[in-house]
Amino acid sequence: MNAPDGITDDTRLTPLRLIIMLFVLTLAGALGWAVCSLPEYSSGLAVTALAELSNSGVLNPVTAAVLNYRGYDTLLEIAVLLLAVIGVWSLAQAEPPAAFEPASPVLLSFMRIVLPLMILIAGYLLWIGSFAPGGAFQGGAVLAGVLVLLRLSNQDFAIWSHEVWLRFCLVLGLSVFIAVAVGVMAGGGKLLEYPRAHAGMLILLIESAALISIALTLAALFVGGRALSDEDSSSASENGVQPK
Amino acid sequence: MTLEPYLLYALAGVGLFAIGLYALIARTHLLRKILALNVMGTGVFLFLVAIAYRSEPVADPVPQAMVLTGIVVSVCATGLALALAHRVQTTTGRMVLPENDESGA
Amino acid sequence: MNSLQTVFDLVLVLALLWLAWHALAAADLFKGIVLFIAFGLLMALAWMRLRAPDIALAEAAVGSGITGALLLSGLARLRRLERSAQPHIGREP
């Protein structure tokens, strides 16, 4: 199996590549020198972050930083996730289910055992994120793994054919986040300034919504295109799109 | 002089960044460029977390939170880049950028 | 104890750099992607060493799991397109 189906990449050391390598090495040297000149000890923002932890509503400093101190950052990040899906959906259509081979019985029985466990783990990671390592991103990734497995075994047609629900769930995280961010202003706070008494509850609410959206977003990226709804697939076959 | 762990990992982050940058420029296959972007991003994350490691008694949570969001964003960027590469292939029929050594060197 | 940790750090860092280089230099794209997934899993170990268990969890699930699946499905799609474009060069008879 040499030169796998034409995907060879020229790796010879041409003069141009030598120049690129010299440039990259110079850059790396400069960066390395800058790294070495950093002070050996610096607390950064750790002291402030830990001092405010009791006001943040959670006990895990990283979750506090993600959803409270730097909530604005995370809000925009969830928006970026949505934009990525919009981009992918406007670029391509998902492969029709016929493009996949039927799932093997081994995979199906494996999934029967593993999928409930994975869903449980996703929920557990979400819950434990408030006081130990974990949170919406990790849980969302595990839940996305469930959807990827369903995709690989051709069992997920129901998920991608309900376009209204799909879109609702994709924007759920962002809309709940924005609703909370603006909602706290009604109580006299600033944007994303959670009232101290309800901070833990609000963070859990945002995280639960974000978990669903993150999982669906990652799975939608894996599917790699807009799923064909029933009308689309009939018109696509008329136009001769998606030849196998 | 003993090698502090943060220094070792920060330098490794610089190394990963350099490896990724070289491959991003020098390789012509789009899928390999996407891999290179991921390696570059991981180098930056490693550097940030190594810097956060310096604080005692616990590591600085703020850079860690930034890296956490960054990892998820880089996955999304990968997905979008793969869709774009797929589009390039369906449009032009190939996924390898043309190489013109003669004009460049 | 301390020198043992230094040895561990050194081995881990060298393995990371080696994997990153070979993931990007492998002639076979499939091999490159598999090396990249291994790289992601070792990164999870590095995050644990740097006292960042939150990131280690995310890297293990997202960085190597979902990214690996994305890249492999992207490669499969690429080869399918190539095969349909040039049926006489395809690997299958």
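Numbers restart at 1 for each chain; the letters A, B, ... are given by sequence-line order, proteins then strands.
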For C/Phe39, enumerate each residue passing the ring pair (Phe, Tyr, Trp, His ring centres under 6.0 Å) test, keeping only those at least two apart in sequence or located in another chain.
C/Phe36
Per-residue contact mode, C/Ala23 against chain B (heavy atom under 4.5 angstrom):
backbone
Which residues in residues 43-52 of chain B have a heavy atom less than 4.5 Å from any heavy atom of chain C?
B/Phe45, B/Leu46, B/Val49, B/Ala50
For the interface with chain B, which of C/Leu17, C/Leu70, C/Val62, C/Leu50 has the highest count of heavy-atom pairs at distances below 4.5 Å?
C/Leu50
Reported CD1-to-CG distance for the pair B/Ile34 and B/Leu30, which is rounded to 0.5 angstrom:
6.5 Å
Heavy-atom closest pair (C/Met48 atom, C/Pro53 atom, distance to 0.1 Å) is SD-CA, 3.7 Å
May I have a table of the donor-acceptor pairs connecting chain C and chain B at distances under 3.5 Å?
residue : atom : partner : partner atom : Å
C/Asp9  : OD1  : B/Tyr9  : OH           : 2.9
C/Leu24 : O    : B/Arg27 : NE           : 3.1
C/Leu24 : O    : B/Arg32 : NE           : 3.4
C/Ala26 : O    : B/Arg32 : NH2          : 2.6
C/Ala27 : O    : B/Arg32 : NH2          : 3.4
C/Arg49 : NH1  : B/Tyr53 : OH           : 3.4
C/Arg51 : O    : B/Gln64 : NE2          : 3.0
C/Arg51 : NH1  : B/Pro57 : O            : 3.1
C/Arg51 : NH2  : B/Tyr53 : O            : 2.8
C/Arg51 : NH2  : B/Ser55 : O            : 3.2
C/Leu78 : O    : B/Gln89 : NE2          : 3.3

Roughly how far apart are C/Leu19 CG and C/Met43 CE, rounded to 0.5 Å?
11.5 Å
Do you know which two heavy atoms are closest between C/Leu42 and C/Ala15, and how far apart they sit?
CD1-CB, 3.8 Å
For chain B, find which of C/Ile66, C/Leu10, C/Leu71, C/Ile55 contributes the most heavy-atom pairs closer than 4.5 angstrom.
C/Ile55
C/Leu57 versus chain B, the contacting section by heavy-atom distance below 4.5 Å
neither
At their closest point, which heavy atom of C/Ala58 faces which heavy atom of B/Leu68, and how far apart are they?
CB-CD1, 3.4 Å
What is the minimum heavy-atom distance between C/Leu16 and B/Leu16, and which atoms define it?
O-CD2, 4.1 Å
Residue pair B/Ala12 / C/Val13: nearest heavy atoms and the distance that separates them:
CB-CG1, 3.6 Å
When you compare the side chain of B/Ile71 with that of B/Val67, does any pair of heavy atoms fall below 4.5 Å?
yes
Can you list the steps and then say if B/Val39 with B/Leu24 is a side-chain contact (heavy atoms from CB on, under 4.5 Å)?
CA-CA 10 Å; B/Val39 170; B/Leu24 179 70; over 6 Å; no
State which residues pass side-chain contact (heavy atoms from CB on, under 4.5 Å) with C/Leu72; sequence neighbours excluded, sorted by chain then number.
C/Phe30, C/Ile33, C/Ile37
